[in-house]
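Just below is one structure, and these are the notes that go with it.
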Amino acid sequence: MLNLNVLNPQQRQAVETLRGPVLILAGAGTGKTRVITYRVARLIEKGAAPGHILAVTFTNKAAREMQERVTDLLRTLPKRREHGSRNTGHDNDSTDHTSRLTGHSSTINHQPLTIAPPLSDAPTLQRFNASTIQRPTICTFHSLCVRILRQYIDRLGYKKNFVIFSESEQLGAIKKILSHISAQGEKTDPQAILGLLSRFRNGGSQAAAFADPSVAAMAAHVRARYESALRACNVVDFDDLILLTLRLFEEHPDVLTSCRARYRYVMVDEYQDTNAAQFRLVHSLTQEHRDLCVVGDDDQSIYGWRGAEIANLLDMEKHYPEVKVIKLEQNYRSTNTILTAANALIKHNVRRRGKQLWSKNGHGTKITLHTFANEEEEARTVVEEIECARMARRVPWSHQAILFRTNQQSRPLETALRHAGVRYHLVGGQSFFDRREVKDFLAYVKALVNPHDDVSLLRIANVPPRGLSDVTMERLLAASQERHCSVFAAMKNPAVQATFLAKARECLGAFVEFIERTRGWLADESSARQPSPLQRWAEKFLDEAGYWDDLRRGEKDKEAAENRVRNLRDLIATMDAQGSAGILPGQPLTERLQMFLDDLSLDSEREDEKEAQGDAVTLITMHSCKGLEFPHVYVVGLEDGLLPHARSKVEGTLDEERRLFYVAMTRAMQTLTLTHCAGRKRYGQLLPCHPSPFLNELPPELVEHAEDRVSEPVTVESGKNMFASMRAAVG
DNA sequence: AATTGCTAAGTTTTT
DNA sequence: CTTAGCAATT
C-alpha cells in the first residue's frame, strides 16, 4: 500500500484529490514530481486502470524521470490481475480488479473510483488492451499526438508514413516559398516568419502584437503556401502534431470518443507553459469527464515568447469553475535566505496567484553580490570562488553552476575555466542535430521512408554529387509545382524526363532507381531477420551511396572529418535500440525506420548521459536551468539590458524577465552568488553597464556586497587589511 | 564545384 | 568582435 505519510499535508491533499479538476500550484522545489508520481500511483491503488492514466510533460527528460519513478512506486503496490488475457491468473494477490472497482476489497474508507469506459467502447478498449493497458501513458504532448496520428491520420487525408520536420527543415521550406513567392521580398527574415507562423497557427492571444506589420503580413501570406507544401509532401511539423490531432477530434467525433475513454485521468505538468492549442487539446479530452489535474507555477512561466499562455493557468477557473486549487509552498531545496529574497523579488509582478515559499532548511548564508569592472574579471573571480569552495570546503565542481542570460556570455567563462584547469560542461549550444552529417543522414532516412518529402529529397539528391546540378533540381522543382506533384513524382514522370538532356536524364534515372531499389529492400520482410538490421543496413547504404567518402573528402582537416564520421557512426549504432519497445519480429525495416525517426525528432537530448558524467561545473542559460538544482549557484551578468533584456522593454515583457531571475535564484540550494559588471564588451566595444533594477528588489539585509565582506574569524592579517582599507576610504 | 571575400546583424529555444 | 549567409570569382 502507498505510504502517504512521507508527504506534507498539502502534497497529501494533492495526491488524494482524485476526482474533478485540480490545480496544483507547485512552487520551485516543492516536490512537484513526487506529487505527480504519487498521484498516479494513488489513482491505480484506488482502482483506476493504469492504462487509463495520461500524464503529459514538456520534455522527454521529465517524462523519463516520471516514468521511472512511477514504475518504482508501483512496485510497492500489490499486483493485481490485469484486463484481457495476458495474465493467466495465478496471482495470489488479495484483490482483483473487479472487486476493487466495486469497492469490496478496499481497505481504505475512500470512495472507490468507478471504472471509466462505458461498455459501448469495448472494441476500442480491446485494441488498446492488447498493447498498452498495463502501463500509464507518461509522455510529452508531441509524442502523445504522434501516437494518435499514426493511428488515425489517414482520416485527414495524410498517409500514415508521414515524417516530422525539424526546425531547420521548416526553415528550408519557408525559404523556398519566400524565394518563389516574390523576388521583391529580399529582406524578410525566414526565422521571423517561422516564429510568427507558429504564433498564428497556435492561435495565441496576442499573436503578433509586437511584430513588424510588414513581416506579419508576409507571414500571413506564406501560411497557406507553407501548409499546402507540407501537406503535399505528407510532412508535418511540431505544431501540426497538436493541430492535426485537434482537427481529428473535431472532424471525427468517434476518435475523440475513444481517446476520451482511453485517457480517462489526465495530468499535465508545467501547465504554465502550455500554448493555446495544447490547452484546447487538454480541454477537449477532459471537458466531459473533468478528471483533469494540472500542475504548474505561474511564477516560473518563462516561455511566453514561444507562445506559452500563462493565462491557461491563471484563468483555470474560467474553464473549470469547480476546480480545487492546492498550493505547495514548502520548499525542500533552498535556504530561507534564498527563498525570502526570491519571494520579495517576485512580489513585484502583478498578475499572479500569490505564493510564499518557505523551508525547514534554516537561514543559510547571505546572498553574495559582486561588482566587477568587466566580464573578464567577472569570469576570473567566479572561477576563483569555485576553486576556493572546492579547496576550502570540499565542494566538488558538479555541485556548482554558473547561470547566464545569453549563450554568448559563456565565452569568457569558458576561457577562465579552461585557464584554471576546471572541468566544465556547457548545456545547450550547438545541437547534435544541427551538424551537417546528421542532417544529411536523417534526410536520407526521411526521403526513403517518404520519397515525396521534397525538402529531404532535395537535400540529399546531389549529396554526394551524382550529376544532379542545381539547374536540374530547379527545373524539377518547377515541373513539380506545375503538375502539383512531388519532386520525386516529377522525376519519375516520362514527360518531365523528356525535357532533360540525355546526360541529366541518365543521372535522374539512376537516382530514382537507387531510391526505389533501397525502398524495395527495406520493405522486404526477409531484410529484418538478421540481428541489428538497421545498423548494418545504414553502414552499407552510406557506403553504397558514397557518403562516407564524400564526408571525408569534404573536410580539409582530417581530424574534423573523422569527427564527423564518428558522430554519424554513434548515431547509427543507436538505431536498433531506439523504439525497441514495440518491435515485432517480422516488422519491415521501413516501419522501424519510421519509429526511429519519431523517437529522434521528438527527443533531442541524446548526449546528456555523456555530458552529465564526471565532476564538472555546469554552464547553463537561465532558461534551460528550469527544473534543475545545484548546491551552489552563480548568476552572472545581472545588468540592465541583459537581465531585463533590452528587448523586453520594447516588447513589454518585464514580468517574464523577472520570473527568469526568480527561476535562476531558486535553483540554489545552499549559496547564491550574484554578479554584475560596470562595463561589458558589446560588439567589440566596451560599453558601460548599470546594475539590474531587479537587484534593488531584493531585501538589502539578505544581500552582502563582496567588497564589504570581512573573512569570518577575524585574523590579525585580515584585521590589518580591514584597517588598511578603512584608512584608504577615509584618506 | 569550391573557395574567397564582403556585408549585415547580433535573446531566450522544452518539441 | 564574431559569424552566418550570399555573391562573385577561379
Side-chain angles (χ1 to χ4, degrees), chain A residues 56-64 139-146 164-168 170-171 175 179 186-187 189-192 194-195 198 202 236-243 269-270 272-275 277-278 300-308 375 403-412 427-431 433-434 462-471 550 553-556 598-605 608 620-628 637 641-651 653 656-657 659-661 663-664 680-687:
Chain A
V56 190
T57 63
F58 269 81
T59 66
N60 292 293
K61 204 172 147 208
R64 271 193 294 266
C139 64
T140 65
F141 268 108
H142 298 268
S143 52
L144 172 71
C145 290
V146 170
I164 305 163
F165 259 9
S166 70
E167 195 174 310
S168 63
Q170 289 181 286
L171 266 177
K175 279 180 195 162
S179 72
E186 339 274 7
K187 51 184 197 172
D189 173 19
Q191 202 102 32
L194 182 58
S198 176
N202 286 311
V236 303
D237 66 19
F238 283 121
D239 293 332
D240 281 331
L241 292 175
I242 313 285
L243 296 169
D269 189 18
E270 303 284 14
Q272 76 283 351
D273 291 337
T274 49
N275 66 26
Q278 287 159 343
Q300 292 187 70
S301 161
I302 54 176
Y303 285 105
W305 50 275
R306 260 196 138 205
E375 72 266 37
L403 277 49
F404 39 81
R405 174 65 219 265
T406 70
N407 280 309
Q408 54 175 23
Q409 285 176 263
S410 72
R411 242 167 193 282
V427 178
Q430 252 281 2
S431 163
F433 296 93
D434 286 339
N462 208 30
V463 178
R466 37 173 88 83
L468 301 172
S469 68
D470 289 352
V471 201
D550 186 59
R553 192 154 17 88
E555 206 76 44
K556 269 192 227 152
D598 281 354
D599 277 3
L600 223 57
S601 316
L602 297 173
D603 187 356
S604 54
E605 23 191 1
D608 275 9
I620 194 169
T621 65
M622 297 188 200
H623 279 93
S624 21
C625 76
K626 193 166 71 160
L628 304 176
L642 243 193
L643 184 47
H645 195 274
R647 247 156 116 153
S648 73
K649 280 182 192 139
V650 189
E651 290 171 8
T653 51
E656 185 154 310
E657 299 286 307
R659 278 180 238 130
L660 192 54
F661 188 26
V663 168
R680 186 175 291 271
K681 273 212 189 87
R682 287 275 255 168
Y683 314 140
Q685 237 137 13
L686 190 78
L687 289 177

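Throughout, protein chains are lettered first and strands after them, A, B, ... in sequence-line order, and every chain is numbered starting at 1. Here the structure is a predicted model, which means the values were calculated and not measured.
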>> Among A:Lys626, A:His645, A:Met622, exactly one meets side-chain contact (heavy atoms from CB on, under 4.5 Å) together with A:Leu660. Which residue is that?
In response: A:Met622
> Among A:Asn407, A:Thr406, A:Leu403, which one satisfies side-chain contact (heavy atoms from CB on, under 4.5 Å) with A:Thr621?
Replying inline: A:Asn407
>> Do the side chains of A:Arg405 and A:Glu657 get close enough for a salt bridge, i.e. N-O under 4.0 angstrom?
In response: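 Yes, charged N to carboxylate O under 4.0 Å.
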Round to a whole Å and report the spacing from [atom1] of [X] to [atom2] of [N].
X: A:Leu642; N: B:dG10; atom1: CG; atom2: C1'; answer: 13 Å
X: A:Glu657; N: B:dT12; atom1: CD; atom2: C1'; answer: 8 Å
X: A:Ile302; N: B:dT13; atom1: CD1; atom2: P; answer: 9 Å
X: A:Leu241; N: B:dT14; atom1: CG; atom2: P; answer: 16 Å
X: A:Leu403; N: B:dT11; atom1: CG; atom2: P; answer: 19 Å
X: A:Leu643; N: B:dT11; atom1: CG; atom2: P; answer: 15 Å
X: A:Gln408; N: B:dT13; atom1: CD; atom2: P; answer: 12 Å
X: A:Gln685; N: C:dC1; atom1: CD; atom2: P; answer: 9 Å

> Ring stacking, A:His623 with base of B:dT12, under 5.5 Å and under 30°?
Replying inline: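 Per 5.5 Å and 30° rule: no stacking.
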>> Taking C:dA4 as the reference, what is the distance to B:dT13 when you measure between their P atoms (whole Å, please)?
In response: 16 Å
>> Say we look at C:dG5 and B:dT12: how far apart would their P atoms be, to the nearest angstrom?
In response: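 Per the computed distance, 15 Å lies between those P atoms.
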Given [options], which nucleotide is nearest the side-chain atoms of [X]?
X: A:Arg647; options: C:dT2, B:dT13, B:dT11; answer: B:dT11
X: A:Asn60; options: B:dT15, B:dT11, B:dT13; answer: B:dT15
X: A:His142; options: B:dT13, C:dT2, B:dT15; answer: B:dT15

> Should A:Arg682 and A:Gln408 be marked as a side-chain contact (heavy atoms from CB on, under 4.5 Å) after you check the CA-CA gap, both sets of side-chain angles, and the distance that decides it?
Replying inline: CA-CA 10 Å; A:Arg682 287 275 255 168; A:Gln408 54 175 23; 3.9 Å; yes
> Which class fits the ring pair A:Phe238 and A:His142: parallel under 30°, tilted 30 to 60°, perpendicular over 60°?
Replying inline: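 A:Phe238 and A:His142: perpendicular rings.
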> For B:dT11, is chi within 90° of 0 (syn) or not (anti)?
Replying inline: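 What B:dT11 shows is a syn base, its glycosidic angle lying within 90° of 0.
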Using a heavy-atom cut-off of 4.0 Å across all strands, would you classify [X] as base, sugar-phosphate, or nothing?
X: A:Asp273; answer: base
X: A:Tyr303; answer: base
X: A:Arg682; answer: nothing
X: A:Ser648; answer: nothing
X: A:Glu656; answer: nothing

Is the distance from OP1 or OP2 of [N] to the nearest side-chain N or O of [X] less than 4.0 Å?
X: A:Asn407; N: B:dG10; value: no
X: A:Arg411; N: C:dT3; value: yes
X: A:Thr621; N: B:dT13; value: yes

>> I want to confirm an ordering. Mapping A:Tyr683 and A:Lys626 to their closest nucleotides on DNA chain B, which one lands closer to the 5' end?
In response: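 Nearest nucleotide further toward 5': that of A:Tyr683.
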> Where each residue is assigned the nucleotide of DNA chain B containing its nearest heavy atom, which of A:Ser469 and A:Leu602 is assigned the position nearer the 5′ end?
Replying inline: A:Ser469
> Is there a side-chain contact between A:Arg659 and A:Ser301 (heavy atoms, below 4.5 Å)?
Replying inline: yes
